[in-house]
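Just so it is clear, the values below take in all heavy atoms, side chains as well, and ignore hydrogens, waters and symmetry mates. By convention here, the first residue in the shown sequence is residue 1.
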Amino acid sequence: MTSIDQPALPGPLRSMLRELHLLAPDRLAERVAVHGRRLGFRDTVLYLVDYEQVLLQPVRGEGVAERQELSVEGSVAGRCYRKHETVRTTGGSGPRLWVPLLDGVERLGVVELLVGSVTDEVEETAKAFVSLLAEVLVVNEAYTDIFARLRRRKTLSVAAEIQWELLPPMTFATDRVVVSGALEPAYDIGGDSFDYAVNGSSAHVLVLDAVGHGLPAALLASAAIGAYRHARREIYDLPDIAVAVNRVIADNFTGSQFATAAIARLDLDTGLLRWVNAGHPDPLVLRDGAFVRPPVCRPHPPLGLQVRKPDVCEMHLHPGDRVLVYSDGIVEARSESGEFFGEERLADFILQAGASGDAAPEALRRLMRKVLEHQGGQLQDDASIVVLEWHTGTPQQLVP
């Protein structure tokens, strides 16, 4: 025993930790399977979700059981991914555990474990093993292309390549805040992007829509987010952050290039939400199963076109409120008959998803499928959204 309360780390996990320091990324699946067998798992297979969160792709390697890709919507593995929950199955070659592969609460994929028997103790060992695998995967992904290639079902545009590298993790959560984002078209995103940070008692969120498409829009978005991060880390107030980003765009791009944006900050102690609207759709607030429109607040010109420091909008949130910050590509997605997706459909969808028990990342995954479906599977404009939830206790729906 390492202490009175905690048992020592199992030997296979200790040996795996030692091996990780010099582990080549292309041998990860192979070595994971070896260490899994030492823990009593006959097979261990990692699956990574693709960029659109439609399919789970197996990570192949020497000595790893052969598997095919699995659907997020129509498989046991998909249920594990969608629900953030461990799933037990029987049949075939024996009982299995399907465990979410999570970086914090960010969904990376799932892990399939073929076990001799399914008990609570085996499941707890499996969860500890998979938690370690997630850490290993995230570290390895920083210096290899193997996993990024596996996650793509088709070629990313250069603009999309830039944007995906620029993004923070798609979901983050503590006992007081949940931040989750999504954007489409995943393989051809151009000017839409988002960023966030949680610094002590403050949660910061930016949703940005750079004018145009393709590489020029992605370059503008990259410069804008770099300027935003710099100003945020210098602890500028919201209007000064907007001024800093506006100056970078105005000084380095032509007058026809600009970006709309919502720049927000939430005080996690008081629930005070403050934001600057730079030519962007107003946030939506969902509270107790209803849509709450924020107070009327003057919008300002897009970043790159502003001539004075912008005003700040404010409202106090209630515990459990969900704030939706999104680009116009969501609400202006148009069906073949010319009908916009619209604010009300957006709010209703997220409300219904919450009522059915979906956590924020799953609600956004399903929302993006709905927006794509509304526009016949092909978006005419980039679409991005961030959900910001304020909590005063553990957000249990995100704890697997």
Which atom names give the shortest non-hydrogen contact between [X] and [Y], and what distance separates them?
| X | Y | result |
| --- | --- | --- |
| V99 | A126 | CG2-CB, 4.3 Å |
| H316 | T270 | CD2-O, 3.9 Å |
| P216 | H213 | CD-O, 3.6 Å |
| I249 | A259 | CD1-CB, 4.2 Å |
| R152 | Y51 | NH2-OH, 3.5 Å |
| E135 | D103 | OE2-OD1, 4.1 Å |

Any chain of hydrophobic side-chain contacts (each under 4.5 Å) joining [X] to [Y]?
| X | Y | value |
| --- | --- | --- |
| V138 | V136 | yes |
| V49 | M368 | no |
| L305 | L220 | no |
| V76 | V122 | no |
| L372 | V72 | no |

Look only at the side chain of [X] and the backbone of [Y], and say whether a donor-acceptor pair between them is shorter than 3.5 Å.
| X | Y | answer |
| --- | --- | --- |
| H318 | R287 | no |
| N252 | V248 | yes |
| S202 | V198 | no |
| R60 | A29 | no |
| Q163 | G190 | yes |
| R42 | V115 | yes |
| R82 | E73 | yes |
| R345 | F340 | yes |
| D43 | A65 | no |
| T144 | E141 | no |

Q. Can L97 and V87 be said to form a side-chain contact (heavy atoms from CB on, under 4.5 Å), step by step?
A. CA-CA 6 Å; L97 284 174; V87 179; over 6 Å; no
Q: Kindly determine whether F172 and V178 satisfy side-chain contact (heavy atoms from CB on, under 4.5 Å), including the steps that lead there.
A: CA-CA 6 Å; F172 171 81; V178 177; over 6 Å; no
Tell me whether the count of non-hydrogen atoms from other residues, nucleotides or ligands lying under 6.0 Å of [atom1] in [X] goes above 12.
| X | atom1 | result |
| --- | --- | --- |
| D251 | CG | yes |
| E314 | CD | yes |
| E234 | CD | yes |

Rounded to the nearest 0.5 Å, what separation is found between the [atom1] atom of [X] and the [atom2] atom of [Y]?
| X | Y | atom1 | atom2 | value |
| --- | --- | --- | --- | --- |
| W164 | L183 | CH2 | CG | 5.0 Å |
| L28 | R31 | CG | CZ | 10.5 Å |
| L367 | L346 | CG | CG | 6.0 Å |
| R232 | H230 | CZ | NE2 | 12.0 Å |
| E184 | I189 | CD | CD1 | 7.5 Å |
| H280 | D209 | NE2 | CG | 6.5 Å |

So do the side chains of [X] and [Y] get within less than 4.5 Å of each other, counting heavy atoms only?
| X | Y | result |
| --- | --- | --- |
| V323 | V387 | no |
| Y187 | R153 | yes |
| Q375 | S335 | no |
| N277 | D282 | yes |
| W390 | L266 | yes |
| L137 | F147 | yes |
| Y196 | L206 | no |
| T260 | L208 | no |

Q) Side chains of S337 and R334: donor-acceptor distance under 3.5 Å anywhere? A)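 No, no side-chain donor-acceptor contact under 3.5 Å.
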Q) For residues Q53 and R107, is any side-chain donor paired with an opposing acceptor at under 3.5 Å? A)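 Distance-only check passes for Q53 and R107.
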Q. Taking it one step at a time, do R151 and D50 satisfy salt bridge (charged side-chain N to carboxylate O under 4.0 Å, His left out)?
A. CA-CA 4 Å; R151 290 183 57 214; D50 78 300; over 6 Å; no
Q.
Please evaluate residues Y47 and E112 with respect to the criterion side-chain hydrogen bond (donor to acceptor under 3.5 Å, both in side chains), reporting the C-alpha separation (whole Å), side-chain torsions for both, the decisive distance (0.1 Å), and the verdict.
A. CA-CA 8 Å; Y47 297 80; E112 174 192 2; 2.8 Å; yes
Q) For L167 and S193, what are the C-alpha separation, side-chain angles and deciding distance, and is it a side-chain contact (heavy atoms from CB on, under 4.5 Å)? A) CA-CA 7 Å; L167 288 171; S193 195; 3.7 Å; yes
Q. Ring centres of F341 and H374 under 6.0 Å apart?
A.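 For F341 and H374, the ring centres are under 6.0 Å apart.
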Hey, is [X] close enough to [Y] for a salt bridge, meaning N to O under 4.0 Å?
| X | Y | result |
| --- | --- | --- |
| E373 | R369 | no |
| E362 | K83 | no |
| E52 | R365 | no |
| D267 | R274 | no |
| R293 | E343 | yes |

Q.
Is there a side-chain hydrogen bond (donor to acceptor under 3.5 Å, both in side chains) between D192 and S384? Walk through the geometry before answering.
A. CA-CA 6 Å; D192 274 23; S384 57; 3.0 Å; yes
Q) Run the side-chain contact (heavy atoms from CB on, under 4.5 Å) check on D240 and K309 step by step: do they pass? A) CA-CA 7 Å; D240 296 310; K309 187 179 293 188; 2.9 Å; yes
Q: Before giving the answer on salt bridge (charged side-chain N to carboxylate O under 4.0 Å, His left out), spell out for R176 and D269 the whole-Å C-alpha distance, their side-chain angles and the decisive distance to 0.1 Å.
A: CA-CA 9 Å; R176 295 202 292 173; D269 291 332; 2.6 Å; yes
